[in-house]
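Step one of this worksheet: look at the structure below.
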Amino acid sequence: MLDVKFIRENLKAVKENVHARSVGNADPDAVLSLNQRRVELIQQVEGLRKERNENAQKMKGQRPQEERAPLIARGKELKEELASLEVELGTVENDLNRELKNIPNMTHPDVPIGGEEDAKELERMGKLPEFDFEPKDHLALGKELDLIDFESAADLSGSRFYFLKNEAALLELALINYAMTVTTRYGYAPHLTPDLARPAILEAIGFNPRGEETQVYNVEGHDLCLIGTAEITLGGMLAGKIVRKEELPIRLGGFSHCFRTEAGTHGRESRGLYRVHQFSKVEMFAFATPEGSEELHTEMLEIEKEIYNGLEVPFRVVETATGDLGAPAYRKFDIEAWMPSRNNYGEVTSTSNCTEYQSRKLNIRYRNDENQTQFVHTLNGTAVAVPRAIIAILENHQNPDGSVTIPKALRPFMGERERIGK
RNA sequence: GGAGAGGUGGCCGAGCGGCUGAAGGCACCGGUUUGCUAAACCGGCGUAGUGGUAAUACCGCUACCGAGGGUUCGAAUCCCUCCCUCUCCGCCA
């Protein structure tokens, strides 16, 4: 979330930003009026508390009854006045937080204005495959090579679940190993994270853990959600901590399963591996100083490019436009891999600089050179999201005989096998 | 899941209704001393909100001793619920 003071002092810019990002339910004016009410209440409450404390001080030690009686009576009055004001203050603070959550992060000046179609293509890498035969989509390949079983999974778990079988199972493990190896080389300390987390953490990261349109699963009877990404657990790992400046940047690499309800996407991408309820992912996460975060963002993008270059999959890099940024992101780059079945590029990674938007809520700070505490910047980026990587590999590396060539980078993790099938 | 013991500042650790925002130690920062290092000595050293203010300087007030409720004129201290840690038992990959 943004700092209320920042909103007050930059109201015009905040409103323009809300507009550019087309966030309909964000109301900066409501934030300010609620905050004003909050400050008034704080002043009243603190005045009463001061009086209460003074009153109580007068009763230290032994006092004759006739001296105590009026003080106790006054104390009781103060207690009642305080109680009702504190209730009101609590309500106002809840309302304020709700409004504050709706205000998105500010936006990097280079971000293109607009919606999905206004994303800016930054570069293309790799050569699009030219097939002199009719290429198959990953569903057909997955079936014919006995790699993916959607039908059985649908019976067990519902639509958008899948079994990975045989070489596809090994392919997942190889992709994870490969991504972990690359990120570790760049100093991202490898982590295997919990797949469940408390809703308060999800919320601080910017997810909506509860409510109709929630993207995450809740576990009935427990105060837990299945995580949608390791960003949640890696970011939450330092919640409430103050780190030393010398420790920054902190680079973390994390593997987790990711669970998404995909609420509101019924009918879209309903077949195949593109949009599924559960998948494996290796994620990068970093805590940085404000001065260091942009450079780190570039680094994450470079790592993502290296990984996809290694998979020998053609892709393009796009910068997301304002209207398509999630609330916490200040700036976001996506890699879109070529997917022959779509005859188009499909998003396979995403890296965001969230500046202080998450750390303010998570309360993660560091001491700057003046020894003052300051919020760290947080960044996240996909190293490998397995199912989409599998789509790109199967579809781009298919051969006329129906087999699929395994990219060289993955072979060390697959017993040096070179192809799947025949 | 059952029984017990705990959760206090960056760390260790005292406190167990008003004298405690919190002793003492370590770490850290400044200074004295010193051939250098070490040691010793002196001083400083939590976070946040709010008010005064040009001020992220300084001063005042308020809050914070795992979280949330309660009792009380007054709670780190008493009570309740929850979370977490440790020991033992059970169960289990």
Side-chain angles (χ1 to χ4, degrees), chain A residues 1-10 31-97 100 192-204 209 218-225 233 236-248 250 257 287 289-291 356 359-377:
Chain A
M1 59 183 181
L2 290 183
D3 186 1
V4 180
K5 280 187 197 143
F6 177 87
I7 297 175
R8 197 203 309 144
E9 286 158 18
N10 302 278
V31 168
L32 292 190
S33 64
L34 281 165
N35 186 244
Q36 200 184 338
R37 181 71 189 129
R38 171 180 155 269
V39 169
E40 287 165 13
L41 285 167
I42 284 175
Q43 287 172 14
Q44 290 176 45
V45 164
E46 292 195 344
L48 285 175
R49 282 178 183 161
K50 185 184 177 188
E51 206 179 331
R52 176 198 64 192
N53 292 348
E54 286 167 353
N55 189 253
Q57 282 297 309
K58 291 180 193 152
M59 259 182 284
K60 285 199 304 200
Q62 293 292 99
R63 283 290 140 107
Q65 195 49 236
E66 61 271 23
E67 223 176 283
R68 290 174 60 91
L71 291 174
I72 289 176
R74 179 64 188 139
K76 286 187 175 175
E77 273 172 39
L78 286 168
K79 187 154 71 165
E80 276 178 34
E81 287 175 52
L82 252 178
S84 68
L85 277 178
E86 279 171 345
V87 168
E88 197 181 343
L89 179 59
T91 311
V92 170
E93 285 185 333
N94 278 342
D95 292 350
L96 176 61
N97 282 334
L100 214 40
L192 302 180
T193 95
D195 288 339
L196 288 86
R198 296 218 161 87
I201 299 291
L202 293 258
E203 211 165 294
N218 282 268
V219 182
E220 188 172 351
H222 298 267
D223 194 29
L224 288 169
C225 304
T233 42
M237 211 161 61
L238 291 185
K241 295 274 196 315
I242 301 176
V243 299
R244 287 200 310 252
K245 189 181 179 186
E246 306 85 79
E247 296 174 75
L248 297 174
I250 296 171
H257 294 105
F287 302 93
T289 59
E291 307 79 59
E356 334 181 324
S359 63
R360 178 169 288 109
K361 197 76 188 283
L362 289 165
N363 198 223
I364 304 174
R365 292 165 297 172
Y366 76 102
R367 285 186 193 286
N368 64 17
D369 293 328
E370 285 75 50
N371 212 243
Q372 298 160 146
T373 57
Q374 199 171 336
F375 291 109
V376 301
H377 280 196

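The chains referred to below are lettered A, B, ... by the order of the sequence lines, with proteins before strands, and numbering in each begins at 1.
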Worksheet item: If only atom types and distance count, is the side chain of A:Asn10 paired as donor or acceptor with the main-chain N or O of A:Phe6 below 3.5 Å?
Response: yes

Discussion item. Can you tell whether the side chains of A:Lys361 and A:Glu356 come within less than 4.0 Å, N to carboxylate O?
Written reply: no

Worksheet item: Rounded to the nearest Å, what distance is computed from the CD atom of residue A:Glu81 to the C1' atom of nucleotide B:U62?
Response: 17 Å

Worksheet item: With no hydrogens and no angle check, is any side-chain donor or acceptor of A:Asn218 less than 3.5 Å from a backbone partner on A:Pro209?
Response: yes

Worksheet item: Heavy atoms under 4.0 Å, any strand shown: does A:Lys241 hit a base, just sugar-phosphate, or nothing?
Response: nothing

Worksheet entry | Along RNA chain B (nearest heavy atom to each residue), the more 5'-positioned of A:Arg49 and A:Val39 | A:Val39

Practice prompt. Just do the side chain to side chain contact (heavy atoms under 4.5 Å, CB included) check on A:Lys241 and A:Arg365 with the steps written out, would you?
Written response: CA-CA 7 Å; A:Lys241 295 274 196 315; A:Arg365 292 165 297 172; over 6 Å; no

Discussion item. Distance check needed: B:A63 P versus A:Arg38 CZ, whole Å only.
Written reply: 16 Å

Discussion item. Can you tell me the base-pairing partner of B:C16? Count Watson-Crick or G-U wobble geometry only, both distances below 3.5 Å, and say none if there is no partner.
Written reply: none

Worksheet item: Starting at the 5' end of RNA chain B, which residue's closest nucleotide do you reach first, A:Lys79 or A:Asp3?
Response: A:Asp3

Response to the item:
Closest of B:U47, B:C73, B:U50 to the A:Arg367 side chain is B:U47

Discussion item. Could you tell me if the side chain of A:Phe375 sits less than 4.5 Å from the side chain of A:Leu362, heavy atoms only?
Written reply: no

Worksheet entry | Minimum-distance nucleotide (side-chain atoms of A:Arg365 versus B:U47, B:C73, B:U50) | B:U47

Worksheet item: When you compare B:A55 with B:G69, how far apart are their C1' atoms, in angstrom units rounded to a whole number?
Response: 40 Å

Practice prompt. Just call it for A:Leu71: base, sugar-phosphate, or nothing, with non-hydrogen atoms closer than 4.0 Å on any strand.
Written response: nothing

Discussion item. Side chain of A:Met59 only, heavy atoms from C-beta on: which candidate in B:G49, B:C73, B:A63 is closest?
Written reply: B:C73

Discussion item. Need one value for A:Asn53: base, sugar-phosphate or nothing, where a base atom within 4.0 Å counts as base even if backbone is also close, heavy atoms only.
Written reply: sugar-phosphate

Worksheet, complete the sentence: Atom CD of A:Glu54 and atom C1' of B:G60 are separated, to the nearest Å, by 12 Å

Worksheet item: What are the two closest non-hydrogen atoms of A:Tyr366 and A:Pro290, and how far apart are they?
Response: OH-CD, 3.2 Å

Worksheet item: How far does the P atom of B:C29 sit from the matching atom of B:C16, given to the nearest Å?
Response: 35 Å

Discussion item. Roughly how many Å apart are B:C61 and B:C11, using the P atom of each and rounding to a whole number?
Written reply: 28 Å

Worksheet item: Distance between the C1' atoms of B:G15 and B:C65, in whole angstroms?
Response: 10 Å

Fill in: Touch class at under 4.0 angstrom, heavy-atom based, for A:Arg244 against every strand present
nothing

Discussion item. Need the pair for B:G4. Rule: Watson-Crick or G-U wobble, both distances under 3.5 Å, any strand; none if unpaired.
Written reply: B:C86

Worksheet item: If you look at every strand shown and take non-hydrogen atoms under 4.0 Å, does A:Arg74 touch a base, only sugar-phosphate, or nothing?
Response: nothing

Fill in: Pair assignment for B:C65, Watson-Crick or G-U wobble, requiring both distances under 3.5 Å
none

Worksheet item: Think A:Arg198 has a side-chain N or O under 4.0 angstrom from the OP1 or OP2 of B:C84?
Response: yes

Fill in: A:Gln44 CD - B:U50 C1' separation (whole Å)
13 Å

Item to complete: Figure out the NZ/P separation between A:Lys58 and B:U72, and round it to whole Å.
Response: 21 Å

Item to complete: Would you mind reading off the distance between A:Glu93 atom CD and B:C64 atom P, rounded to a whole angstrom?
Response: 14 Å

Worksheet item: Using purine N1 to pyrimidine N3 plus N6-O4 or O6-N4 for Watson-Crick, or N1-O2 and O6-N3 for G-U wobble, both under 3.5 Å, which nucleotide pairs with B:U33?
Response: none

Worksheet item: If the C1' atom of B:C79 is compared with that of B:U71, how far apart are they to the nearest Å?
Response: 7 Å

Worksheet entry | Separation of the P atoms in B:A27 and B:A63, to the nearest angstrom | 34 Å

Practice prompt. Look at all strands and tell whether A:Val45 reaches a base, only sugar-phosphate, or nothing, counting heavy atoms closer than 4.0 Å.
Written response: nothing

Response to the item:
From CG of A:Leu78 across to P of B:G74 the rounded distance in Å is 9 Å

Item to complete: Could you pull out the closest heavy-atom pair between A:Arg360 and A:Asp3, with the gap in Å?
Response: NH1-N, 3.3 Å

Fill in: Distance, P atom - from B:A23 to B:C45, rounded to whole angstrom
12 Å

Worksheet item: Has A:Gln43 got a side-chain N or O lying under 4.0 Å from the OP1 or OP2 atom of B:U50?
Response: no

Fill in: Base-pairing assignment for B:A39 (Watson-Crick or G-U wobble, both under 3.5 Å)
none

Worksheet item: Hey, is the side chain of A:Lys50 poking within less than 4.0 Å of OP1 or OP2 on B:C61, counting only N and O atoms?
Response: no

Discussion item. In whole Å, measure the gap between the P atoms of B:U87 and B:G74 for me.
Written reply: 41 Å

Fill in: Whole-Å gap separating P (B:C28) and OH (A:Tyr366)
22 Å

Worksheet item: Would you say the side-chain atoms of A:Ser359 pair up with the backbone N or O of A:Val376, donor to acceptor, closer than 3.5 Å?
Response: yes

Fill in: Out of B:C73, B:U47, B:U50, whichever nucleotide has its closest atom nearest the side chain of A:Lys5
B:U50

Fill in: Donor-acceptor pair present, A:Gln57 side chain and B:G74 base, under 3.5 Å
no

Discussion item. Going by purine N1 to pyrimidine N3 plus the second Watson-Crick contact, or the G-U wobble pair, all under 3.5 Å, which nucleotide sits opposite B:G74?
Written reply: none

Worksheet item: B:A57 pairs with which nucleotide, Watson-Crick or G-U wobble, both distances below 3.5 Å?
Response: none

Fill in: For B:A23, the Watson-Crick or wobble partner whose two distances fall under 3.5 Å
none

